[in-house]
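All remarks here apply to the structure that follows.
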Amino acid sequence: MKQIGKRLLTVIPSLIGVIIVTFLLTRVLPGDTASYFAGPAATPQAIEEIRKQLGLDRPLPEQFVRYVVDLAHGDFGKSLTTGQPVLEDIATRLPASAELTLAGLIVAMLIAVPLGILAAVKQGSFIDHACRIVATAGVSLPVFFTGLLLIYVFYFKLGWAPAPLGRLDVFYSAPPTITGFYLIDSLLTGDLEAFRAALSQLILPTATLAIFSLAPIARMTRASMLSVLASDFVRTARAGGLSSRTVILTYAFRNAMLPVVTTLGMVFSFLLGANVLVEKVFAWPGIGSYAVEALITSDFAPVQGFVLTMAVLYVLLNLGIDMLYGVIDPRVRVEG
Amino acid sequence: MKRRDFLKSATAAAAGSVLPAAPAVWSPAKAQSRQETLLIVSESGPNNIDIHGIGTNVPGYETSWNCYDRLITHEMKTGENGAPYYDRDKFKPELAEDMNVGDMSVTFKLKKNATFHDGTPVTAKDVKWSLDRAVTVGGFPTFQMKAGSLEKPEQFVVVDDHTVRVDFLRKDRLTVPDLAVIVPCVVNSELVKKNATDKDPWGLEYTKQNTAGSGAYRVAKWTAGTEVIYERNDKWAGGPLPKVKRVIWRMVPSAGNRRALLERGDADISYDLPNKDFAELKNVGKLSIVSTPYSNGIQYIGMNVKTPPFDNLKVREAIACALPYQKIMDAVMFGLAKPMFGAPADAATTDAWPQPHKYVTDIAKAKQLLAEAGYPNGFETTLSFDLGFAGVNEPLCVLTQESLAQIGIKTTINKVPGANWRTELNKKALPLYTNVFSGWLDYPEYFFIWCYHGQNSVFNTMSYQSKEMDALIEGARDAAAVRDAKTYDKDVKGFVDLAYADMPRIPLFQPYVNVAMQKNVSGYQYWFHRRLDYRALVKG
């Protein structure tokens with residue numbers, strides 16, 4: 001507990017930094033919010049009026065103080081593109097991104113970890129080469145390309161996948177929000193039809209993300225397994241006559257997990273912010289596409305809100321991973 | 001349960017639920033609702049569903065148009081392409097049952113059976129409150145009202161519960177048409193006042209999220225950036241009951257997917273695909289495609305006439321001779337636009353607008369003109385465009401750049417982000433650029449007041465100043481107000497001729513509004529606002 005508290009304390013300065021930097025960065029962006037939202041037929045007076053209403057005519061320090069005071073009250077400001085409070089937007093969109101990213105990561109993990117172990121155990125074999133090919137192909141295909149290709153084949157040509165219309169087909173209504181994850185919420189409320197609909201919408205984007213994130217996980221598993229398999233205790237275990245299954249899964253893999261978990265954490269946080277393109281392609285109402293749209297229209301509040309949320313998420317994620325280290329490898333706990 | 005067993009059973013369960021998830025299987029109730037529901041897909045959605053709001057975007061206008069009523073609206077006629085097209089000159093009542101235009105005022109009698117969505121009757125008080133709101137809130141709505149000389153709350157008078165009079169500030173033929181645009185919509189004043197605050201006396205925060213109108217549809221659910229769901233108002237008094245019960249408008253950012261959705265038959269309508277897709281869909285013939293030229297809209301190349309070298313008429317003429325008009329039509333627009341160039345040399349000017357000018361691409365002549373202007377070796381300049389419409393603007397500018405290089409003019413292309421474009425235009429410092437202007441009110445003098453008049457509005461992007469031009473535009477406006485057809489005709493032809501002689505901006509084409517629909521969807525109507533009118537659409 002004390003350790004967590006200490007860790008959290010070190011986070012505060014970085015959060016303050018993030019707040020200041022995003023505020024300044026959004027102000028130096030090219031583009032004029034007021035004239036964009038004044039509409040196609042605005043006179044200079046109309047633009048001035050809107051600038052005033054938005055409080056953009058005040059000096060920067062004053063705008064900043066206001067922003068911080070609002071933040072302290074839990075007010076992230078309003079998005080001009082969607083017209084909604086940013087906090088509300090993020091609250092509805094973050095679960096969408098998280099559900100997709102987690103699904104992609106889990107699928108990638110289920111494939112990549114066994115693949116990596118096999119590749120390490122049977123080094124130089126057919127499966128090792130297969131692992132290398134899959135990994136190389138995965139990283140070298142840009143996600144939007146994989147996404148469009150999957151849509152073209154499985155939706156447009158074959159008609160197996162549902163229309164790429166976001167989280168649910170238009171004729172289903174979303175399950176009541178409990179966690180914000182449609183799969184979980186629909187199961188909790190016993191709405192199997194919605195569960196099935198949500199799942200079928202998830203398949204293609206999940207596959208797209210999984211293909212992309214396979215590579216780092218598989219490569220990292222293979223590398224770390226290789227080094228562990230070459231170590232003394234594995235040789236001892238083998239010499240002791242343990243079955244190779246026990247040696248690999250119980251002794252070697254557990255020790256190889258540390259770098260794999262680190263990679264997983266990195267891939268997850270990276271995917272969460274970077275799946276903008278997947279969200280665009282699949283009309284997925286996530287936070288990535290939200291932030292990009294806000295950037296295009298020089299809409300400050302959502303950009304600031306997005307960066308801040310991501311910063312907090314990264315911090316929590318790193319904290320979680322650090323805790324996990326302790327569980328996997330008690331030595332880390334002692335040293336920490 | 002052991003971890004491994006759990007994994008096994010979980011994968012088995014997942015596999016089991018994946019296989020029967022084929023989306024084509026609908027329960028009968030779902031099939032029924034699919035038949036009664038219209039699915040629209042487009043790139044972006046509203047940020048506010050009240051057109052009186054601060055910074056309401058164009059998709060928001062579509063919601064306002066379908067969920068609110070105006071006193072009057074336009075009749076339909078058949079357009080050039082055979083599809084229904086709004087009739088600029090003929091009005092029909094919507095909330096009013098009768099309109100009586102006097103010399104200095106117009107009186108409306110309201111329909112007695114008209115009610116708002118919450119059941120309260122529509123009264124003259126609501127009409128006055130709504131019009132007061134439109135001229136008071138500032139920004140775009142107030143600006144649009146002003147265009148029809150509707151400026152002060154005193155102009156709107158409640159005569160009795162069901163009669164409203166609008167007094168004219170001055171004689172202006174745009175006053176009545178301006179009452180039929182989207183802005184003067186009638187809002188449920190009691191409902192909105194209940195939700196207003198001291199800081200927000202017009203209840204803009206409430207109507208931003210909620211429809212408070214009497215229109216044919218109401219917004220049942222709006223998820224910003226994702227979808228808008230409309231339900232039909234079965235008690236609509238503004239016209240015949242619409243055929244479509246439910247409209248779902250989904251935002252699909254990728255144009256390729258919108259096209260795929262249409263081609264697979266999953267979406268019913270889409271209207272913002274790239275020109276290339278429309279051209280191809282047209283050839284395939286699986287969908288019905290309706291293309292209509294923007295009313296009163298032109299894409300043009302503009303030049304800043306205040307600064308050299310474009311202050312020189314000969315330079316402007318040289319540019320007009322050097323532009324690759326036909327190439328732009330073929331390679332950028334894929335034929336989906338109406339040419340605004342190459343009128344026959346002996347064609348007489350008409351009082352219609354837009355009308356083509358007489359220039360065609362003639363590089364030899366352009367070179368000669370440039371030499372006469374004192375730039376035999378050309379010059380260097382920048383060519384700017386709005387990245388928000390890069391699909392058309394970028395190839396257009398590249399072709400223009402190539403063409404101008406042939407007469408020695410070296411251009412650097414300057415891509416301006418959408419959010420910054422209007423600021424740049426307002427500065428009036430761009431030397432050479434492409435842009436589109438289109439006006440809701442389809443009158444030549446309306447276009448010219450904004451684009452060529454010396455009052456120098458933001459749309460006079462060239463900073464063009466000419467006393468003669470101003471006199472002709474004002475002459476036409478005043479003649480229209482008193483219905484002096486002869487003077488009007490003379491002045492309109494006069495200002496068109498002058499605009500094409502001075503050539504501060506060079507029209508390229510009139511863009512098309514392209515709408516792609518399934519074959520079983522009919523009833524699409526072209527409106528001046530270029531958005532969809534759900535009320536006339538029929539499915540099946």
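Labels below follow one simple rule: chain letters A, B, ... track the order of the sequence lines, proteins then strands, and each chain is numbered from 1.
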Problem set entry | Proximity breakdown for L148(A) and chain B, heavy-atom pairs closer than 4.5 Å | side chain

Seminar exercise, completed: Taking every heavy atom of R93(A) against every heavy atom of T226(B), the minimum-distance pair comes out as NH2-OG1, 4.2 Å

Problem set entry | Contacts of D442(B) that satisfy side chain to side chain donor-acceptor pair (under 3.5 Å) - sequence neighbours left out | none

For this session: Name the member of Y290(A), Y155(A), F282(A), F144(A) that forms the most heavy-atom pairs with chain B at distances under 4.5 Å.
Result: Y155(A)

Exercise. Checking heavy atoms, do the side chain of E424(B), its backbone, both or neither come under 4.5 Å from chain A?
Worked result: neither

Exercise. Heavy-atom count around K245(B) NZ within 6.0 Å, excluding the residue itself: above 12?
Worked result: no

Seminar exercise, completed: When the 4.5 angstrom heavy-atom criterion is applied to E43(B) and chain A, the contacting part is neither

Seminar exercise, completed: Exactly one of D266(B), N257(B), V252(B) clears side chain to side chain contact (heavy atoms under 4.5 Å, CB included) with P164(A), and that residue is N257(B)

Exercise. Mind checking whether T223(B) and T92(A) have side chains closer than 4.5 Å, heavy atoms only?
Worked result: no

For this session: Specify the closest pair of heavy atoms between K157(A) and R264(B), including all atoms of both residues, with the distance to one decimal.
Result: O-NH1, 4.4 Å

For this session: Mark yes when over 12 heavy atoms from residues, nucleotides or ligands other than F389(B) sit less than 6.0 Å from its CZ; otherwise mark no.
Result: no

For this session: Could you tell me the separation between the CG atom of L165(A) and the CZ atom of R258(B), rounded to the nearest 0.5 Å?
Result: 11.5 Å

For this session: Search all heavy atoms of A283(A) against all heavy atoms of M251(B) and return the closest pair with its distance.
Result: CB-O, 3.7 Å

Problem set entry | Contact class of W440(B) relative to chain A, heavy atoms under 4.5 angstrom | neither

Exercise. Any side-chain heavy atom of K280(A) within less than 4.5 Å of one from S254(B)?
Worked result: no

For this session: Under 4.5 Å heavy-atom distance to chain B, tell me which part of I151(A) shows up: side chain, backbone, both or neither.
Result: side chain

Exercise. Which bit of L261(B) comes within less than 4.5 Å of chain A, counting heavy atoms only: side chain, backbone, both or neither?
Worked result: both

